[in-house]
Amino acid sequence: MEHLTLVDGNSVMFRAYYATAYPGAVLMQTSQGVYTNAVFAFVNMMDKILEQTNGHILVAFDTAHPTKRHEKYQEYKAGRAAMPEELAQQIPLVKKYLDKAGIKQHEQIGYEADDIIGTLAKEASQNNIKVDVYSSDRDLLQLVDQNITVHLLKKGMKELDHYTPESLYEKYELTHHQMIDLKALMGDPSDNIPGIPGVGEKTAIKLLKEYETIENLYVHQDEIKGKMGEKIRENKELAYLSKDLVTINVESPLPFSYLETEKIKIETSDLIDFFKELELKQLVVRMANQNQNTLFKDEEKSDKKTDKSFSYDLILNDEKLNDIIFNHQEPMSIHFEFSEPNYHKAELWGIGLSNGENTYFIDPSIALNNQTFLNYLKNKEIEKYTFDYKAIKVFLMWHKKAIHTISFDMLLAAYLIKSSIGKEDFTTITSLFSSIDISYEEQIYGKGAKKGLPENKELYYEHIAKKASVIYKLKDDLLETLKDQNQLELLQKVEIPLSEVLASMEFSGLLVDNKELLNQKEVLEKRINVLEESIYKEAGETFNISSPKQLGDILFEKLNLSQGKKTKTGYSTNVEVLEKLKDEHPIIPYIMEYRQLAKLYSTYIIGISQSIFSDNKVHTIFNQALTTTGRLSSIEPNLQNIPIRTEEGRKIRKIFVAEKNHYLLGADYSQIELRVLADIANVKHLKESFLNNEDIHKSTAQKVFHVTDVTSEQRRQAKAVNFGIIYGIGAWSLAEDIHVSPKEAQMFIDRYLEIYPEIKQYMQDTVEFATENGYVKTLMNRRRYIPEINSKVFMQKEFGKRNAMNAPIQGSAADIIKVAMVDLFKYLEENDKKSKIILQVHDELILEVPEEELEEMKELVPAIMKKAVKLTVSLETSCDVGKNWYELK
DNA sequence: GGATCAGCGA
DNA sequence: ACGTCGCTGATCCC
């Protein structure tokens with residue numbers, strides 16, 4: 001043995017927890033609500049530490065029992081805030097991890113972790129063994145000697161400070177022997193160690209440089225003049241008591257010696273299972289990779305990586321495929337494995353097929369050219385089960401193939417059962433509903449730039465086949481759960497049919513006018529260049545305007561403008577701050593305009609250019625299983641955030657055009673969220689206003705301000721309150737928004753809730769429902785779980801309440817437009833219309849309509865949207881047509 | 001590659 | 001600390 005590592009378990013765990021538990025943070029949790037942030041960070045730290053060890057390691061913990069220090073000084077560690085529950089829960093998990101990792105741990109009644117570490121460290125050091133101590137507690141610096149190095153964790157846990165006798169001297173100009181006296185003189189508020197009142201670090205160092213020790217200081221106590229001398233003389237007892245308290249017991253009676261700290265060889269799979277249980281995916285993958293690297297060294301062992309309990313057949317030729325399909329004219333699960341998430345341009349890596357009993361991997365190039373298989377896919381009589389039906393559908397559309405009659409989709413089912421898991425991958429979703437063991441994607445394919453098919457083909461053959469078998473196996477359970485939750489209709493009548501609508505929309509795409517795009521690009525480039533010059537001139541130097549850091553330096557240090565808000569890392573330079581500085585310096589308006597144009601240029605002109613396919617269209621992907629509320633999202637490109645609010649930005653819409661002889665038709669719901677609120681909360685006056693077709697913000701203003709003639713400012717404020725209410729607004733932010741004092745804002749809110757008392761009631765009821773059930777639901781029984789609502793952390797609880805109030809409104813509106821889309825699509829299909837739905841932007845639909853269907857669609861689309869769902873208020877829609885998106889006002 | 005800031009939409 | 005849900009780009013640091 002040549003080296004020993006000692007870790008202060010409590011202190012590292014505290015750091016691990018607080019590294020991510022800043023106020024307002026959402027802590028890492030498993031899907032079952034078990035907190036894991038501290039475990040995760042602790043393991044990461046241990047991994048770092050383990051890289052530096054040669055196998056001898058021990059983690060020491062404090063116990064909850066009083067120690068000798070408490071006997072000597074009752075106030076020891078008094079006044080310390082109680083450990084947060086979220087951290088306390090994780091202590092057993094951290095200890096369990098150490099056990100699984102084969103790392104020795106020790107705690108001992110009557111002693112602190114410090115004492116255990118001190119005793120072992122000194123014992124080893126005396127035998128000339130090198131020791132590394134890890135902690136965040138500066139007290140341990142007293143252990144430093146020629147053999148012992150102390151590593152202190154810094155705040156973010158990313159860096160360590162290393163202390164040797166030399167570096168200690170450099171920093172404090174004291175020897176390591178004096179560290180105890182230093183702490184004793186200074187005291188330590190966190191442990192409630194008194195020290196000498198009025199003596200801080202600076203004075204203590206000064207005194208020790210002169211007198212070396214506390215003992216010698218008191219030999220010369222009369223030489224010290226002034227107030228300081230008085231204090232020192234008066235507090236002699238405190239000083240000695242403090243010294244006693246801070247002195248680590250390096251002769252604790254431990255039941256083992258430093259020699260018995262060797263790391264035990266472990267089964268990696270145990271540790272992987274433990275991480276899987278805690279859903280710590282990163283750690284699972286890391287461990288698995290480490291494991292694989294060791295396995296690869298031994299050719300014999302490499303087949304251990306495949307699962308012996310799972311069997312499947314390989315289908316690599318037409319004969320076998322014909323045979324299999326011929327024998328399985330029955331419902332099966334089908335999985336298509338793609339090379340990348342964007343299935344429009346992805347390669348097909350493999351196909352899995354399973355009927356529960358038999359499972360197959362099919363070579364994709366065989367399958368896509370095999371008529372028997374293709375006939376099976378498009379056979380409307382045979383049900384199929386999938387994971388992400390839309391991806392398969394769109395991929396097949398690109399290849400001019402069809403697939404029909406999907407009666408179960410695992411991704412959508414899981415998403416409906418719990419909307420927050422739609423973000424997860426296949427493996428995580430599987431583990432949430434079963435104990436089936438299936439590798440993470442990264443384990444099979446690697447990640448980032450290195451992603452690709454593994455050398456060992458069996459590895460991915462099995463993985464893909466297994467996915468198909470999982471889909472089949474989980475189907476009945478998931479359907480059962482959906483049935484229990486009254487969500488079968490939502491899956492089968494809304495989400496699965498919607499998949500087909502979305503597939504068609506994505507495949508249709510949206511045509512781009514290249515000339516218009518290039519034209520706008522050039523215009524913007526020129527304007528941006530001119531603005532850059534003006535900004536550099538005003539600043540007196542060139543710098544990167546797009547860097548908030550550099551811009552902040554220019555504005556607030558060089559030009560000395562009055563700074564507003566700060567961000568975590570420096571000055572805020574956002575538009576609100578700039579707005580306030582507008583008249584302070586001529587550079588500001590230039591910067592604001594630069595920001596606006598640079599945004600349009602990079603995100604929209606350049607960004608969208610990069611997403612154009614060879615058919616001159618953009619083919620977005622609507623994520624159907626992502627948002628927690630039930631809305632869709634759109635990526636590559638995001639077509640749900642094309643500018644509209646400023647004229648400048650709105651022009652971007654000119655680049656999106658209808659195909660030849662076609663028009664774009666846009667139809668949007670008017671005030672759908674407020675109507676939903678009026679309906680579900682049964683808000684009498686709101687309903688009346690909608691019934692009378694009033695301008696809703698105007699009528700709110702009339703009531704809130706008690707006026708008949710509403711000024712535009714009053715309407716604007718009422719509008720802000722109407723929106724704010726939907727989001728569960730607070731007075732402070734409403735005040736910011738409508739430029740009044742928080743007090744006035746609170747008056748508005750109070751007044752608003754007087755006018756619409758049912759809204760107040762609804763909010764109370766919803767919060768109560770969420771508190772009791774842990775979730776809220778929409779018109780169509782879509783659920784959103786809100787674990788935060790029972791949090792003891794004020795901020796998180798408030799966040800939970802806002803979500804509880806907002807999710808049913810936003811989610812019901814999402815339900816409604818989804819139903820409308822399914823209805824509309826069905827009508828168009830059944831009546832052989834050429835019009836196509838191509839976009840959805842939360843409350844509006846955009847269609848591409850051939851000229852001859854234009855008049856019909858102008859009537860039909862709004863009509864279908866209106867009657868999608870029957871509410872106690874009517875759903876109103878407006879409708880516009882144009883040759884490009886810009887013309888849809 | 002990930003965190004941070006910024007800014008676009010409903 | 002400060003209104004919901006999203007996506008993308010630029011910079012900066014690891």
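Lettering of chains follows the sequences in order, A, B, ..., and the numbering in each one begins at 1. Because only heavy atoms are used, hydrogens play no part in the values below, and waters and symmetry mates are left out as well, while side chains stay in.
Rounded to an integer number of Å, the gap from A:N623 CG to B:dA10 P is 20 Å. Taking atom CZ of residue A:R802 and atom P of nucleotide C:dC2, one finds them 8 Å apart after rounding to whole Å. Distance, A:N44 CG to B:dG2 C1': 14 Å, rounded to whole Å. In this structure, the CZ atom of A:R595 is 10 Å from the P atom of B:dC8, given to the nearest Å. Distance NZ (A:K566) to P (C:dC2): 18 Å, rounded to an integer number of Å. Separating the CZ atom of A:R675 from the P atom of B:dA10 is a distance of 17 Å, rounded to the nearest angstrom. Rounding to whole angstrom units, CD of residue A:Q596 and P of B:dG9 are separated by 10 Å. One interatomic measurement links the two molecules: OH of A:Y727 to P of B:dA10, which rounds to 10 Å at whole-angstrom precision.
Backbone-only contact: A:A449 has heavy atoms under 4.0 Å from sugar-phosphate atoms and none from a base. Across all strands shown, A:N544 has heavy atoms under 4.0 Å from sugar-phosphate atoms exclusively, and none from any base. Among the protein residues, A:Q550 comes within range of the sugar-phosphate backbone only, with heavy atoms under 4.0 Å from sugar or phosphate atoms but none that close to a base. Residue contacts shown for A:F794 are absent, as no nucleic acid heavy atom lies under 4.0 Å away. Looking at heavy-atom distances under 4.0 Å, A:R784 makes contact with sugar-phosphate atoms alone, never a base.
Residue pairs meeting the salt bridge (charged side-chain N to carboxylate O under 4.0 Å, His left out) criterion with at least one member in residues 798-814 of chain A, sequence neighbours excluded, are A:E798-A:K801.
Listed by chain and residue number, A:K521, A:Y601, A:Q610 satisfy the side-chain contact (heavy atoms from CB on, under 4.5 Å) test with A:I606 (two or more places apart in sequence, or in another chain). Judged as a side-chain hydrogen bond (donor to acceptor under 3.5 Å, both in side chains), and not counting sequence neighbours, A:E424 has no contacts. Residues forming a ring pair (Phe, Tyr, Trp, His ring centres under 6.0 Å) with A:H162 (at least two apart in sequence, or on another chain): A:H151. Listed by chain and number, the residues in a side-chain hydrogen bond (donor to acceptor under 3.5 Å, both in side chains) with A:E51 amount to none (sequence neighbours excluded). Applying the ring pair (Phe, Tyr, Trp, His ring centres under 6.0 Å) test to A:Y756 and every residue at least two apart in sequence or in another chain returns A:Y752. Residues passing the ring pair (Phe, Tyr, Trp, His ring centres under 6.0 Å) test with A:F748, sequence neighbours excluded: A:F705. Judged as a side-chain hydrogen bond (donor to acceptor under 3.5 Å, both in side chains), and not counting sequence neighbours, the contacts of A:Q840 are A:Q640. Every ring pair (Phe, Tyr, Trp, His ring centres under 6.0 Å) that A:Y785 has, sequence neighbours left out, goes to A:Y775.
Side-chain atoms of A:V575 lie closest to B:dG7 of the nucleotides B:dA6, B:dG7, C:dG6. The nucleotide whose nearest atom lies closest to any side-chain atom of A:D843 is, among B:dA10, C:dA1, C:dT4, B:dA10. The listed nucleotides are B:dT4, C:dT4, C:dC12; the one nearest the side chain of A:N803 is C:dT4. Side-chain proximity of A:T573 to the nucleotides B:dG9, C:dC12, B:dA6 is greatest for B:dA6.
The stretch residues 599-606 of chain A touches DNA chain B through A:K599, A:Y604, each having a heavy atom within less than 4.0 Å of the strand. Non-hydrogen atoms lying under 4.0 Å from DNA chain B are contributed by A:R631, A:Q640, A:N641, A:I642, A:P643, A:I644, A:R645, all within residues 629-645 of chain A. DNA chain C is contacted by A:N806, A:Q810 of residues 804-822 of chain A, taking any non-hydrogen atom closer than 4.0 Å.
Comparing C:dC2 with B:dA6, their P atoms sit 14 Å apart, to the nearest whole Å.
Side-chain contact check for A:S791 and A:E788: no donor-acceptor pair (N or O, by modelled atom type) lies under 3.5 Å.
Note on ring orientation: taking the six-membered ring where Trp is involved, the planes of A:H344 and A:H619 are tilted (angle from 30° to 60°).
OP1 or OP2 of B:dA3 has not a single side-chain nitrogen or oxygen of A:T569 nearer than 4.0 Å.
Taking a cutoff of 4.0 Å between a charged side-chain nitrogen and a carboxylate oxygen, A:E340 and A:K451 do not qualify as a salt bridge. Taking the charged nitrogens against the carboxylate oxygens, A:E495 and A:R782 do have a contact shorter than 4.0 Å, which makes a salt bridge.
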